[in-house]
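The structure appears right after this line, and notes come after that.
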Amino acid sequence: MTNSNKAIKSERLMQYAKDFNADRANLVAANAAVSAGVLEAATDYKGQRSLPRDFSIELKQGSITNQRRSGRCWMFASLNTLRYELMHKWGLDDFEFSETYLFFWDAMEKSNAYLENVLSTLDEPTDSRLFQEINYGPADDGGWWQMFAALVDKYGLVPKNAYPESANSKDSDAFKQYLNSRLRQFAADLRERHAAGASIEELRSVKEDDMSTVYRMCAISLGEPPERFDFLARVSDDDKKNDKKADEGKSDNPKTGKDERRQIRETGITPMEFYRKYVPVDVDDLVTLCNVPMKSRPFNKRYRIRYTANVAETEDMEFINVPLDVFKKAAVDQISAGHPIWFACDCTQFSLRAAGYFDCDSVRVDQLFGTDFDFDKAHGLEYGDSPSNHAMTITGVNLDEQGKPNRWKVENSWGKDNGEDGYYVASDAWFDRYVTEIIIRREYLDDATLALLEAEPVELDPWQPLTKRCR
């Protein structure tokens, strides 16, 4: 029989129902939620009206991008920060990098890193916490900024038209399902060979053969990436100069439909040459700050999470944990200087995806359900309630009369049909509570934070709470 002290008693259920039906607010809330859904029923128009979509500092960005049904947000957000710099360096109206190009190499490198992790844990039981963590999603889509930087350092970048999207980059589930399945089979084979006495040299030779299969699967799914490509872009600033010249000599030069803007042209350029020549940013010169106010993760420390590198023989992911005031000052200083910010957050919390709001005062689930949702940031991270899961780009901020931020402009990668033409507005309170990482240029870090880059890192196991990969 069920233990009467543990089970829900029928008389208690009857009391719950009686109490529910006795409150008119519950009945109104149920009608709204059942008919329209929780978020629609909880939407507060006053909260939305308190977040106008104008900003005292706003960066001019290119067209909104769309990651479709894939977990490439971290890659899109990273490339969106770089394309802004490229566009304004070279005077382009619009530009988009190929996300698929890095997606191909990320799948290859994660597969290789997974098999190397298997080789480094051959005697670890398969049901140990460490091996279970390594074996979870060997080549899944998710990632961090530092994973992006490792890929760019090794493979460079290409424009989107040099390696466009494919069905499997736009919807990656099936591709990654079968890639992960094959990788786990390779792992089992390596471990069985080790148990039979194979040397590490023999196992690594087997791994290299396994990677040939991985390449084949990636190339079939995404197409092979280009080794060289042609690049053509037109400089927008020249258009106004040409118009002015045309006005000065209208009779001599009749207007035609020909685009007379100056062209930037490259023939047979490599991805690495393109990155070094056209992108005015060193991806290694940016630092990952996090704001994780847990007692177990003291501020002003450098943390490193084991087994998180996507490219073998590069460093695992590192984070400088700083107090909120340092965190926000760096963000305000960088955006004020005209540079967008990659950031990671829990995008599911108090979020109106279609309307384009991140704001607790706009999503009043506390009023709808008649109960508080007041977990603070530390508890939300410690209990896994609000880990980072999505990366986006900050392209604007509104500063009040005291120079303090009260709302942020967010460029998302969910297409222009979500939010307002693809952009969201986040309240400053939401930023404080749910933003856990920002990527900051070194020149906007104070001396104390810069000094932490040389400190000995505190090593964390991959399951210990700090921050999670964005997917």
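What's counted below: heavy atoms across the whole structure, side chains too, no hydrogens, waters or symmetry copies.
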The reported gap from OH in Y101 to CD in E165 (rounded to nearest 0.5 angstrom) is 15.5 Å
Atom SG of C470 and atom CG of D141: how far apart are they, to the nearest 0.5 Å?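 One gets 12.5 Å once the value is rounded to the nearest 0.5 Å.
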Where is the tightest heavy-atom contact between [X] and [Y], given as atom of each residue plus distance?
| X | Y | value |
| --- | --- | --- |
| G137 | R469 | O-NH2, 4.1 Å |
| I335 | P340 | CD1-CA, 4.0 Å |
| N389 | C73 | O-SG, 4.4 Å |
| S169 | R72 | O-NH2, 3.0 Å |
| R191 | P125 | NH2-C, 4.0 Å |
| G356 | Y424 | CA-CD2, 3.2 Å |

Consider only side-chain N and O atoms of [X] and [Y], and report whether a donor and an acceptor are under 3.5 Å apart.
| X | Y | answer |
| --- | --- | --- |
| N21 | N26 | no |
| D44 | S362 | no |
| D400 | N406 | no |
| D19 | Q15 | yes |
| T467 | S388 | yes |

Taking the side chain as every heavy atom from C-beta outward, state whether [X] and [Y] have any atom pair closer than 4.5 Å.
| X | Y | value |
| --- | --- | --- |
| T81 | W145 | yes |
| L51 | S427 | yes |
| W430 | C345 | yes |
| E96 | E99 | yes |
| V322 | N291 | no |
| V311 | L151 | yes |
| F319 | L466 | yes |
| E411 | T395 | yes |

Q.
Counting the benzene-type ring for Trp, do F104 and Y215 have ring centres under 6.0 Å apart?
A.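 For F104 and Y215, the ring centres are under 6.0 Å apart.
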Margin query: For K46 and D361: C-alpha separation, side-chain torsions, deciding distance, then whether salt bridge (charged side-chain N to carboxylate O under 4.0 Å, His left out) applies.
Written below: CA-CA 8 Å; K46 291 181 180 179; D361 289 337; over 6 Å; no
Is the count of non-hydrogen atoms from other residues, nucleotides or ligands lying under 6.0 Å from [X] atom [atom1] greater than 12?
| X | atom1 | result |
| --- | --- | --- |
| K377 | NZ | yes |
| F373 | CZ | yes |
| R442 | CZ | yes |

Is the NZ or CZ atom of [X] positioned over [Y]'s six-membered ring, under 6.0 angstrom from the centre and within 45° of the axis?
| X | Y | value |
| --- | --- | --- |
| R353 | W414 | yes |
| K409 | Y423 | yes |
| R53 | Y357 | yes |
| K110 | F103 | no |

Results of salt bridge (Lys or Arg N to Asp or Glu O under 4.0 Å) for D432 - residues two or more places apart only
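Counting only residues at least two positions away or on another chain, D432 forms a salt bridge (Lys or Arg N to Asp or Glu O under 4.0 Å) with K328.
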* In a check of side-chain contact (heavy atoms from CB on, under 4.5 Å) between M217 and each of V214, T213, I220, which one passes? ->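 Among the candidates, only T213 passes.
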Under the side-chain hydrogen bond (donor to acceptor under 3.5 Å, both in side chains) rule, what pairs show up with a residue in residues 294-306, not counting sequence neighbours?
->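 Counting only pairs at least two positions apart or across chains, the side-chain hydrogen bond (donor to acceptor under 3.5 Å, both in side chains) contacts touching residues 294-306 are R302-E318, R304-E318, R304-E459, R306-D461.
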Check K9 with E11, please: is the shortest side-chain N to carboxylate O separation under 4.0 Å?
no
TODO: Enumerate the residue pairs fulfilling salt bridge (charged side-chain N to carboxylate O under 4.0 Å, His left out) with a member in residues 145-158, sequence neighbours excluded, ordered by first and then second residue.
DONE: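 Listed once each, the pairs are E109-K154.
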